[in-house]
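Report on the following structure.
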Amino acid sequence: MAAVRLEAVAKTYPNGHTAIHCVDIDIGEGEFLVLVGPSGCGKSTLLRLIAGLETPTSGRIFIGGADVTLLPPQARDLAMVFQSYALYPHMSVRDNLAYGLKVRGTDPAVAAQRVADVSAALDIEGLLDRRPAQLSGGERQRVALGRAMVRQPQAFLLDEPLSNLDPALRAQARAELRRLHRRLGVTVVYVTHDQEEAMTLGGRVAVMRDGAIEQVAPPLDVYARPANTFVARFIGAPAMNLVPATLVGIDTPADAVAGIRPQDVTVGANGQLHAIVDVVEPRGHDYLLHLRLDSRDSSPFLAVVAGLAPPPVGAQVFLAFPPDRRHLFDGRTGTRLT
């Protein structure tokens, strides 16, 4: 395993489109870093730059302390797992696992031992003689990971490897990935657009927008102290409520944006803010309320409430917010103030 470092990495295509804007990031040895963001934000491009499948327009990439910026993919000693898994359909699981070692001229006895070790670690020993078409989605995912693992690369690059699985299987696969990472201690860079996946898998999360990294921090820190309004809205479900505000008590009053997560809103007969219930969404264990703060404003304000009897549509309620759960951002730049 090895550390990965990007220094002022940028990528602009011949048509003038800049996919990556001057990214600096250090990924520690043995770290599980998740790149998360909306579609088109540049996270897969950044992964391809690390892999050597794209060449940066400027900046440098280091793996294990060595400058690999201009090295081809095969010289970087990395393993990449795509969402399609890209298994060879005509080969058995055993041959799929061993193929990369075979083309590198690995001693057959060594290759066989690595395949056996990885098969045991991933609990796919009983699948070795099957072909990919005979496997479930979760089994194919484990085989794709195993094919990367037998190479013993310096780092693993995973590009939305769970996106083809159904929700229940994705949850199971996430847990398996976390256990596997704890056991092996390998360096992982993982791309997803799914914030739940990012929050449950990452030791740190890098939130991307328009080719730039907006914030890098442990998942709970990103949730509790988002760096700006974009991160505040992107991380967390339902999204954080953001409303215009004015900073007073200073020489010149300034525009600001106040934020509160729906889970932190108390709905009752007393509170700081008046609202009208617009929509009530039952979610099984609680209710999501869509509220209107002002009859002239159509922007919804969300609150999550527990209990068996939520306020009905049309009810007038009051909202309260714990002081330590409030967020404040600059009204012009969106940057966090407190």
Side-chain angles (χ1 to χ4, degrees), residues 1-2 4 27 30-54 63 73 76-89 91 93 96-100 115 118-119 121-124 127 130-208 219:
M1 60 182 175
V4 178
I27 303 163
E31 181 176 7
F32 198 127
L33 178 88
V34 177
L35 300 173
V36 65
S39 297
C41 71
K43 53 191 184 294
S44 290
T45 301
L46 198 61
L47 200 72
R48 291 172 63 84
L49 287 166
I50 297 172
L53 300 173
E54 301 266 8
I63 298 172
R76 299 192 181 199
D77 192 20
L78 301 172
M80 194 162 183
V81 178
F82 300 93
Q83 67 184 73
S84 64
Y85 307 144
L87 301 175
Y88 297 109
M91 292 184 183
V93 168
N96 264 283
L97 293 175
Y99 182 75
V115 168
V118 167
S119 300
L122 294 175
D123 193 24
I124 55 174
L127 308 177
R130 298 186 191 179
R131 293 191 176 184
Q134 298 172 292
L135 306 178
S136 69
E139 289 167 342
R140 286 196 294 270
Q141 185 252 346
R142 280 184 279 165
V143 173
L145 286 172
R147 189 175 59 182
M149 288 169 57
V150 294
R151 288 179 43 203
Q152 298 179 348
Q154 293 196 83
F156 291 85
L157 310 179
L158 281 67
D159 192 0
E160 307 224 30
L162 308 184
S163 61
N164 291 331
L165 304 182
D166 62 61
L169 196 53
R170 286 183 76 161
Q172 178 185 336
R174 285 199 303 265
E176 288 182 0
L177 275 175
R178 287 296 294 161
R179 285 193 292 268
L180 189 63
H181 181 256
R182 283 198 302 269
R183 186 160 69 246
L184 301 179
V186 294
T187 304
V188 176
V189 185
Y190 187 104
V191 161
T192 183
H193 66 277
D194 185 328
Q195 58 156 298
E196 182 180 354
E197 206 163 276
M199 298 292 280
T200 55
L201 281 174
R204 281 194 305 161
V205 173
V207 184
M208 293 190 67

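These figures come from a predicted structure and were not determined experimentally.
- A salt bridge (charged side-chain N to carboxylate O under 4.0 Å, His left out) check over residues 181-200, counting only residues at least two apart or in different chains, returns the pairs Arg170-Asp194, Arg170-Glu197, Arg174-Glu196.
- Interatomic distance, OG1 of Thr45 versus CG of Leu47, reported as 9.5 Å (0.5 Å rounding).
- Residue Ala79 comes nearest to Pro153 through the heavy atom pair CB-CG, 3.5 Å, listed as atom of the first residue, atom of the second, then distance.
- The shortest non-hydrogen separation linking Pro132 to Tyr88 is CG-O, 3.5 Å.
- Met208 CE to Ser44 OG: the interatomic distance, rounded to the nearest 0.5 Å, is 9.5 Å.
- Expressed to the nearest 0.5 Å, how far CG of Asn96 lies from CZ of Arg131 amounts to 10.0 Å.
- Formation of a donor-acceptor pair under 3.5 Å by the Thr187 side chain with backbone atoms of Gly30 is found in this model.
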Might you work through the side chain to side chain contact (heavy atoms under 4.5 Å, CB included) test for Gln134 and Val93, ending with a clear yes or no? CA-CA 10 Å; Gln134 298 172 292; Val93 168; over 6 Å; no
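- Residues Leu35 and Val189 meet the side-chain proximity criterion, which asks for heavy atoms closer than 4.5 Å.
- Taking both residues in full, the closest heavy atoms of Leu97 and Arg147 are given as CD2-N, 3.3 Å, listed atom of the first, atom of the second, then distance.
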Output, in order, the C-alpha distance, side-chain angles, deciding distance and verdict of side chain to side chain contact (heavy atoms under 4.5 Å, CB included) for Arg142 and Asp123. CA-CA 9 Å; Arg142 280 184 279 165; Asp123 193 24; 4.0 Å; yes
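- Taking the side chain as every heavy atom from C-beta outward, Phe156 and Leu78 never approach each other to under 4.5 Å.
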Run Thr192 and Val34 through side chain to side chain contact (heavy atoms under 4.5 Å, CB included) and show every step you take. CA-CA 7 Å; Thr192 183; Val34 177; 3.7 Å; yes
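- Scored by the side chain to side chain donor-acceptor pair (under 3.5 Å) test, Gln195 finds no partners at all (sequence neighbours excluded).
- In this structure, Thr200 and Arg178 have side chains that are not in contact, with every pair of non-hydrogen atoms separated by 4.5 Å or more.
- The two residues Ala2 and Ile63 make their nearest non-hydrogen contact at CB-CG2, 4.3 Å.
- The structure places CG of Asp159 at 5.0 Å from CE of Met80, a figure rounded to the nearest 0.5 Å.
- With Lys43 contributing its side chain and Pro38 its backbone, the two residues share a donor-acceptor pair below 3.5 Å.
- Between Leu177 and Val188, the closest side-chain pair of non-hydrogen atoms is not below 4.5 Å.
- His181 is linked by a side chain to side chain donor-acceptor pair (under 3.5 Å) to nothing, counting only residues two or more places apart in sequence or in another chain.
- Atom CG of Leu162 and atom OH of Tyr190 lie 3.5 Å apart (nearest 0.5 Å).
- When all heavy atoms of Leu135 and Arg140 are compared, the pair lying nearest together is O-NH1, 2.6 Å.
- Across every non-hydrogen atom of Pro73 and Leu53, the tightest pair is CG-CD2, 3.9 Å.
- Rounded to the nearest 0.5 angstrom, Glu139 CD and Leu127 CG are separated by 4.5 Å.
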